[in-house]
Enquirer: 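Dumping the structure here so I can ask a few things about it.
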Amino acid sequence: FPVTIPPREDRFAFNVFGPRYSSRGLILRSFSGAKPKADTYRVDYSGPFIGWFGAGYSQTVVVEDILSALKVAQSGGSAVALNGTHVNYEIASEIAENTDRVILALDKGTFQLMLKIKGTFDSVWGPSTIWQLEQDLKYESEGSIQEALSGKKTTFSRIKGTPGT
């Protein structure tokens with residue numbers, strides 16, 4: 001990898017790939033509570049620092065973080081991790097160039113933000129769908145995500161005592 005990364009025992013490394021699997025850099029993520037939560041190491045500035053996961057982006061779930069994107073890919077779908085909640089024209093354009101259908105599924109409590117993103121960028125990428133979440137997608141079951149990917153639901157709700165539905 002063409003960047004020197006300081007050794008950190010409290011971090012896990014995640015590659016950030018573009019839509020054609022070119023490396024854009026790394027995110028080192030802490031699960032121990034160490035601050036900052038994530039360190040980024042960018043090596044390619046030819047596109048936005050967002051990560052693509054899965055194959056065949058006919059429909060793409062837009063999520064906040066790599067772990068949620070990995071969960072969507074593990075469930076058989078495709079996702080793009082914003083590595084935050086920010087969407088600008090460059091990000092929206094890259095998403096539009098690489099998918100036919102956008103599904104917004106940012107973390108719990110971001111419904112108003114997703115409405116704003118939808119209203120701003122549907123003219124770029126076409127009509128999008130919003131998934132309302134009660135928890136981050138990384139905590140949802142594969143079956144629940146598969147059900148949503150097939151169009152059977154857009155709202156995720158939990159039954160008390162279960163990790164996801």
Side-chain angles (χ1 to χ4, degrees), residues 12 14-22 24-27 29-31 36-38 40 47-165:
F12 288 88
F14 295 96
N15 285 303
V16 177
F17 292 106
R20 305 285 179 259
Y21 305 106
S22 62
R24 291 185 168 167
L26 287 173
I27 292 181
R29 172 90 160 59
S30 169
F31 292 96
K37 187 181 199 178
T40 60
F49 196 63
I50 58 177
W52 292 81
F53 297 85
Y57 305 115
S58 64
Q59 68 176 3
T60 302
V61 182
V62 178
V63 299
E64 284 189 34
D65 58 77
I66 287 177
L67 295 175
S68 292
L70 286 169
K71 186 65 174 256
V72 171
Q74 179 181 326
S75 302
S78 297
V80 63
L82 296 175
N83 302 317
T85 59
H86 179 70
V87 179
N88 59 24
Y89 186 78
E90 179 186 28
I91 291 169
S93 295
E94 180 172 290
I95 292 170
E97 291 168 11
N98 292 286
T99 192
D100 297 326
R101 181 170 175 249
V102 172
I103 300 166
L104 298 170
L106 303 181
D107 292 352
K108 175 184 176 180
T110 61
F111 183 71
Q112 292 301 319
L113 174 61
M114 289 189 289
L115 284 175
K116 182 178 176 183
I117 292 169
K118 178 180 175 47
T120 303
F121 296 109
D122 272 5
S123 62
V124 176
W125 57 43
S128 60
T129 301
I130 292 176
W131 287 355
Q132 293 185 64
L133 307 175
E134 286 192 10
Q135 62 184 354
D136 298 359
L137 276 182
K138 62 184 159 260
Y139 303 120
E140 288 292 337
S141 70
E142 288 180 38
S144 182
I145 294 171
Q146 290 165 349
E147 186 179 359
L149 287 168
S150 70
K152 294 180 181 169
K153 70 177 184 177
T154 58
T155 301
F156 291 72
S157 59
R158 294 187 315 165
I159 299 169
K160 191 173 182 175
T162 65
T165 60

Enquirer: How far does OH of Y139 sit from CG of L133, to the nearest 0.5 angstrom?
Expert: 12.5 Å

Enquirer: Could you give the distance from CD1 (I103) to CE (M114), rounded to the nearest 0.5 Å?
Expert: 12.0 Å

Enquirer: In Å, rounded to the nearest 0.5 Å, how long is the span from OG1 of T155 to CD of E134?
Expert: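 Reported to 0.5 Å precision, the distance equals 9.0 Å.
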
Enquirer: With a distance cut-off below 6.0 Å to the six-membered ring centre and an angular limit of 45° from the axis, does K153 pair with F156 as a cation-pi contact?
Expert: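 So K153 does make the cation-pi contact.
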
Enquirer: Please check if the side chain of T110 supplies one atom and the backbone of D107 the other of a donor-acceptor pair under 3.5 Å.
Expert: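 Checked: pair present.
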
Enquirer: Should the pair D136-K108 be classified as a salt bridge under the 4.0 Å nitrogen-to-oxygen rule?
Expert: no

Enquirer: Return yes if a side-chain donor-acceptor contact under 3.5 Å exists between D100 and S58, otherwise no.
Expert: no

Enquirer: Roughly how far apart are I27 CD1 and F12 CZ, rounded to 0.5 Å?
Expert: 15.0 Å

Enquirer: Check for a donor-acceptor pair, side chain of R24 on one end and backbone N or O of P48 on the other, with a separation under 3.5 Å.
Expert: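 Looks like yes, one N/O pair under 3.5 Å.
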
Enquirer: If you measure from CZ on F14 to CZ on R29, what distance do you get to the nearest 0.5 Å?
Expert: 7.5 Å

Enquirer: Just by modelled atom types, is the K116 backbone N or O under 3.5 Å from a matching donor or acceptor in the T120 side chain?
Expert: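 Yes; at least one donor-acceptor contact below 3.5 Å.
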
Enquirer: Any side-chain donor paired with an acceptor under 3.5 Å for N98 and R20?
Expert: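 Their side chains do contain a donor-acceptor pair, which is all the 3.5 Å distance test asks for.
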
Enquirer: So, R101 and T129: side-chain donor and acceptor under 3.5 Å apart, yes or no?
Expert: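 Per modelled atom types, R101 and T129 side chains form a pair under 3.5 Å.
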
Enquirer: Donor-acceptor pairs under 3.5 angstrom involving side-chain atoms of residues 78-85: please list them, not counting sequence neighbours.
Expert:
residue: S78; atom: OG; partner: A55; partner atom: N; Å: 3.4
residue: S78; atom: OG; partner: A55; partner atom: O; Å: 2.9
residue: S78; atom: OG; partner: G56; partner atom: O; Å: 3.4
residue: N83; atom: ND2; partner: F49; partner atom: O; Å: 3.0

Enquirer: Does the N88 side chain pair with the main chain of E90, one donor and one acceptor, at a distance under 3.5 Å?
Expert: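 Here the side-chain-to-backbone pair exists.
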
Enquirer: Short question: side chain of S150, backbone of E147 - any donor-acceptor pair under 3.5 Å?
Expert: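 Checking the backbone N and O of E147 against the side chain of S150, a donor-acceptor pair under 3.5 Å is found.
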
Enquirer: Do side-chain atoms of S75 reach the backbone of Q146 as a donor and acceptor pair under 3.5 angstrom?
Expert: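 Pair absent, no side-chain N/O of S75 close to backbone of Q146.
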
Enquirer: For the pair E64 and K71, find out whether any cationic side-chain nitrogen is under 4.0 Å from an anionic carboxylate oxygen.
Expert: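 The answer is no: the pair does not qualify as a salt bridge.
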
Enquirer: Could you walk me through whether W52 and I95 pass side-chain contact (heavy atoms from CB on, under 4.5 Å), step by step?
Expert: CA-CA 10 Å; W52 292 81; I95 292 170; 4.2 Å; yes

